[in-house]
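Lettering follows sequence order; numbering is per chain, from 1. What you are looking at is a predicted structure, and each value in this text was computed from that prediction instead of being measured.
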Number of protein chains: 4
Amino acid sequence: MTVRIAVLGVGRIGKMHAEIIATKVPETSLAGVFDVNDAAAQAVSEELRAPVMTVEEMLASPDVDAVAVCSSTDTHVDLIERAAAAGKAIFCEKPVSLDLAEVDRALAAVDAAGVPFMVGFNRRFDPTHAAVQQAVASGQVGDPHLARLSSRDPAPPPIEYIKVSGGIFVDMMIHDFDMARFVVGSPVTSVYATGAVRIDPAIGEAGDLDTAVVTLTHENGCITTIDNSRQAVYGYDQRLEVFGSTGMAVSENPMKNAAMVYSASERQGSVLPYFFLDRYTDSYRIEWEDFARYVRDGGPSPVSGADGRAPVAIGIAAWESYRTGQRVAVDRG
Amino acid sequence: MTVRIAVLGVGRIGKMHAEIIATKVPETSLAGVFDVNDAAAQAVSEELRAPVMTVEEMLASPDVDAVAVCSSTDTHVDLIERAAAAGKAIFCEKPVSLDLAEVDRALAAVDAAGVPFMVGFNRRFDPTHAAVQQAVASGQVGDPHLARLSSRDPAPPPIEYIKVSGGIFVDMMIHDFDMARFVVGSPVTSVYATGAVRIDPAIGEAGDLDTAVVTLTHENGCITTIDNSRQAVYGYDQRLEVFGSTGMAVSENPMKNAAMVYSASERQGSVLPYFFLDRYTDSYRIEWEDFARYVRDGGPSPVSGADGRAPVAIGIAAWESYRTGQRVAVDRG
Amino acid sequence: MTVRIAVLGVGRIGKMHAEIIATKVPETSLAGVFDVNDAAAQAVSEELRAPVMTVEEMLASPDVDAVAVCSSTDTHVDLIERAAAAGKAIFCEKPVSLDLAEVDRALAAVDAAGVPFMVGFNRRFDPTHAAVQQAVASGQVGDPHLARLSSRDPAPPPIEYIKVSGGIFVDMMIHDFDMARFVVGSPVTSVYATGAVRIDPAIGEAGDLDTAVVTLTHENGCITTIDNSRQAVYGYDQRLEVFGSTGMAVSENPMKNAAMVYSASERQGSVLPYFFLDRYTDSYRIEWEDFARYVRDGGPSPVSGADGRAPVAIGIAAWESYRTGQRVAVDRG
Amino acid sequence: MTVRIAVLGVGRIGKMHAEIIATKVPETSLAGVFDVNDAAAQAVSEELRAPVMTVEEMLASPDVDAVAVCSSTDTHVDLIERAAAAGKAIFCEKPVSLDLAEVDRALAAVDAAGVPFMVGFNRRFDPTHAAVQQAVASGQVGDPHLARLSSRDPAPPPIEYIKVSGGIFVDMMIHDFDMARFVVGSPVTSVYATGAVRIDPAIGEAGDLDTAVVTLTHENGCITTIDNSRQAVYGYDQRLEVFGSTGMAVSENPMKNAAMVYSASERQGSVLPYFFLDRYTDSYRIEWEDFARYVRDGGPSPVSGADGRAPVAIGIAAWESYRTGQRVAVDRG
């Protein structure tokens with residue numbers, strides 16, 4: 001059975017999902033696209049040979065099994081409620097909402113309808129990160145004592161985006177909060193956050209940071225450090241490790257290519273992939289394969305509503321810690 | 001301008017090319033497909049939404065700019081002659097032919113017609129190997145003194161394939177002969193070959209080897225060693241290096257993933273990609289991008305007829321060396 | 001000119017220094033040894049063919065250019081005062097003292113006497129760490145934004161040692177505080193510390209931690225994270241990195257050996273050197289070469305009194321932060 | 001029991017052995033030194049506090065358990081005969097002789113006397129190479145099919161040395177012939193050799209090559225390729241690998257240090273250790289530990305007389321192959 005998916009919102013990330021659904025995952029097909037920008041919807045429709053639909057049409061159509069909510073964050077919760085009421089399986093881009101009460105409203109609607117629901121934390125599906133998670137989950141590193149994550153973007157997003165993003169802890173580090181929970185295998189109980197504006201003063205003027213460091217404490221006692229930067233000149237730097245009582249599992253960066261040139265004075269190789277799509281190509285494809293399997297076969301969600309809520313709560317606590325200079329307990333719902 | 005390409009022969013490799021042409025390279029489109037197995041052609045036609053055509057239709061159609069000759073090796077030369085006469089640009093899978101006189105006949109037809117012609121040595125387009133070639137060509141390693149290439153397949157092909165393949169030196173090592181010429185940047189003048197049957201006695205009974213080692217001498221004095229095995233249990237092993245008067249450039253293997261797990265006794269990571277498509281995905285895409293640019297803009301062929309002929313000549317000399325135990329001069333046309 | 005060095009205290013670390021001075025550094029010679037345990041002094045004396053001396057004899061002898069203070073920490077300051085008064089050059093093992101006022105008393109004595117003084121932070125002399133420092137100091141990474149250090153011992157020291165050590169932040173992480181200052185190239189202004197007892201409850205009963213994480217803020221705005229564990233089963237794990245506006249410099253772990261074994265399911269290599277002497281052999285030798293050069297030629301101390309004081313102050317602030325859960329400003333003297 | 005060793009010949013390599021024996025291996029002591037250059041013997045004697053002795057004194061002394069024959073190659077066989085007759089254990093630097101009949105005369109004398117005898121092929125004791133050998137010997141790679149060895153010196157020796165060295169196949173590649181036998185675990189039956197003068201015409205004028213490539217066939221069917229260069233500008237390049245039916249074991253190069261610096265355009269690290277002592281420090285120490293254990297406890301020689309003979313025979317066959325252009329069978333005694 002092919003899972004027929006309609007994509008709500010075909011901006012940069014939504015269009016990417018639509019392409020993957022249409023051309024790279026045999027278990028899925030693209031049932032239709034919608035965007036508030038009609039020209040954008042039209043263009044994707046033509047390229048991928050799927051109809052433009054209204055939201056109402058998507059939710060009413062018997063030929064749509066699932067919707068992918070890829071519109072702007074402030075529209076997520078309403079769309080989730082409507083899709084749940086229509087009985088559709090739901091994929092929602094991160095974050096579900098910047099507001100915990102709103103997140104809870106969306107999750108309640110999903111629960112009430114009993115529809116499949118998955119949040120788009122694609123990094124969980126990266127084969128290298130996943131190998132770390134599997135090593136930890138299978139006991140190879142023993143009890144986790146320490147974890148480290150570094151996520152550094154190649155370049156900052158536009159200031160207009162920064163202004164509505166919720167800020168670095170909710171917009172960018174949310175991925176790391178999710179990954180910390182995922183690879184350590186334990187909820188986060190408290191957070192200490194610090195940060196700075198080092199790359200672009202305009203980011204500071206917008207009320208945000210571009211450099212941030214967080215220390216998390218997990219329920220199982222593991223202490224995790226995360227650092228983020230909005231600008232790593234050498235590319236998209238994505239590393240994590242878990243250290244435990246019987247070992248360590250590390251996810252190293254892939255390089256653009258594997259060539260090395262040796263001269264009398266140095267050996268020299270390529271830097272990292274620059275673009276998140278190059279780095280995480282496989283993760284997006286595998287994410288949709290897992291979504292299709294989940295919708296078809298049931299079972300627990302690969303990334304559940306609770307997995308969508310927790311990183312938002314950690315991000316909100318991180319902002320509070322940053323402002324107070326104190327460790328802050330995380331709202332665990 | 002999109003280059004409209006018809007694919008002649010949609011077995012394993014031809015089907016892969018058709019998919020890339022149709023879906024992954026914006027500069028190309030799939031104009032049609034043909035296969036002696038009509039069901040195969042029909043299946044690819046439906047999946048990729050391109051018409052099934054006869055060879056005659058392809059060569060006559062004004063909507064076909066180029067043909068990709070991906071049929072069985074013994075049909076290549078005739079098809080090249082016909083396509084050249086029809087004025088089509090030609091992409092030909094390796095080898096052009098197992099017979100040098102036949103190769104020369106094909107190249108003569110191409111020359112007479114003045115059509116673009118490129119041979120499908122995809123490894124030249126692998127970013128890691130290409131970085132080695134660029135380092136050498138730009139002088140970073142100085143005069144090449146030594147080169148080493150290892151190509152080891154994850155598993156042998158079927159015996160039926162082996163029997164018509166021309167044998168390991170022409171079927172498999174031909175890629176390395178091409179890469180040796182490409183990365184060293186100099187023609188090959190002589191060859192010494194040895195080999196063995198170590199993996200499957202049936203390969204020996206078919207008159208072939210499954211393990212082979214060759215030493216090449218290049219016109220510029222570089223000495224190159226190549227080893228091939230039909231079965232590397234740890235995956236598809238593809239490495240090369242060029243050592244020269246001022247340095248060395250090395251193409252290392254990528255790994256399946258970049259995770260490492262440390263325990264008290266060892267550190268452990270993944271092995272290599274198993275399948276040539278996983279390893280060389282990028283190379284095939286870039287190959288078609290370069291073909292499209294070449295057809296559109298002219299200039300020298302990325303992999304010329306002479307580049308197609310030389311590795312066949314080296315392979316034939318290698319078989320002679322293997323049989324006589326002596327170094328053999330290469331027929332350089 | 002050979003620098004003639006008398007070693008005060010030949011326990012584990014003092015004996016190691018005596019051996020290096022006597023046999024591995026041509027610019028130094030071993031002038032004599034002293035230990036409160038006379039048998040220990042006698043054994044080292046015989047093995048290294050240097051006389052046993054009293055402290056008084058060392059300080060009075062015209063054949064002693066310098067003393068290496070390697071006795072228990074509580075004796076350092078008195079010995080430094082006496083050696084300074086005697087006009088001897090002084091090498092002092094870390095920490096100078098667990099008490100900042102005592103450190104200041106020692107440094108005042110050194111200043112008053114104008115004798116050469118160097119603190120034994122050997123990691124600064126490790127070629128890999130030093131390459132990171134040089135990359136930062138030469139501007140290759142631009143303005144430092146983030147640094148990460150991990151130091152993990154292969155196994156905890158005896159509980160008796162733990163009890164008098166000053167605790168993990170002063171005994172163990174002091175090396176990382178020094179390295180953070182060294183590689184980032186800027187003083188530390190504040191510290192946030194957390195930690196846990198995960199390896200041995202006896203360490204907790206002794207009032208200490210065995211797992212610790214610290215976030216430092218430097219005067220230049222760099223934010224540094226440090227993690228320590230008393231037990232890494234895979235060996236002595238010593239890594240650091242500095243990330244800045246134009247790049248990143250990383251010090252990776254060396255491995256016990258560079259062999260890799262590939263099978264059908266994994267690739268497998270050795271783990272890390274287990275013992276600090278194996279890991280830091282070169283650093284100890286280079287440390288003494290630099291000390292000899294400094295005593296002979298003058299110039300700034302390779303590791304000055306201020307460099308000895310700062311990490312003690314950071315360690316004391318870290319304990320306060322750990323106890324209060326708040327960020328603490330560092331006493332900068 | 002300490003093995004008391006007298007060193008015959010304290011030129012560069014003999015002096016190094018004397019130092020290791022005297023200061024780095026607790027199981028050995030330096031009983032005395034001899035050199036035809038009396039000043040050289042005197043200098044080493046003073047530095048290492050061991051007496052200068054005549055050969056006669058060494059062989060007659062009850063305080064000498066073993067002699068290390070480190071004099072010029074043409075003196076080895078006579079000294080071995082005399083030492084064997086005197087009942088001393090013998091360590092002989094490679095090669096035993098450039099002449100197979102002479103080698104056989106030495107081995108006959110050793111056999112007749114029944115004294116311990118070991119040849120100084122230090123690379124066998126390198127931990128990384130040894131890990132490869134152990135992986136093969138323990139069956140981890142299955143039946144060896146292919147092996148590759150690269151040995152490249154940082155710079156050529158003086159022409160005067162070249163002239164009396166026996167040439168590249170006997171002087172330099174002899175180490176690789178030994179390592180090929182060692183890691184593959186099977187004797188060599190035939191050899192094909194080629195080479196060139198690429199680095200210094202004076203080497204060619206002296207009748208030698210500076211660049212050489214050899215293909216070996218082993219009794220167990222493994223095919224081994226070796227390349228040598230007298231000048232690798234990036235340091236002392238020493239790699240080997242064995243590929244077999246169930247896996248591969250690889251000995252990679254260590255680097256000078258493990259730092260990497262990332263910029264916007266490249267990542268850059270150190271090159272290789274330049275000097276053979278830096279690269280093989282551990283191997284020399286372990287070699288003497290094994291010699292001491294062998295002399296003390298008996299058992300098979302770590303590097304037997306047959307192990308000393310075989311690489312000379314392969315080297316002689318390589319020169320014949322180079323001259324004739326044909327594969328040559330190896331004299332296996």
What one should report as the nearest heavy-atom pair of Phe243(A) and Arg152(C) is CD1-NH1, 3.5 Å

Do [X] and [Y] have side chains that approach each other closer than 4.5 Å (heavy atoms only, starting at C-beta)?
X: Thr194(C); Y: Arg327(A); answer: yes
X: Asp227(A); Y: Ile223(C); answer: no
X: Met248(C); Y: Val233(A); answer: no
X: Asp210(A); Y: His145(C); answer: no

Can you say whether [X] sits under 4.5 Å from chain C via the side chain, the backbone, both, or neither, judging by heavy atoms?
X: Thr324(A); value: neither
X: Asn220(A); value: backbone
X: Ser245(A); value: backbone
X: Glu241(A); value: side chain

Selection from Leu146(C), Thr217(C), Thr246(C), Thr215(C) maximising heavy-atom pairs under 4.5 Å formed with chain A
Leu146(C)

Do you know which of Ala196(C), Gly221(C), Ala212(C) has the most heavy-atom pairs under 4.5 Å to chain A?
Gly221(C)

Would you please say whether a donor-acceptor pair under 3.5 Å links the side chains of Thr225(C) and Arg148(A)?
no

The reported gap from CD in Gln326(A) to OH in Tyr192(C) (rounded to nearest 0.5 angstrom) is 9.5 Å

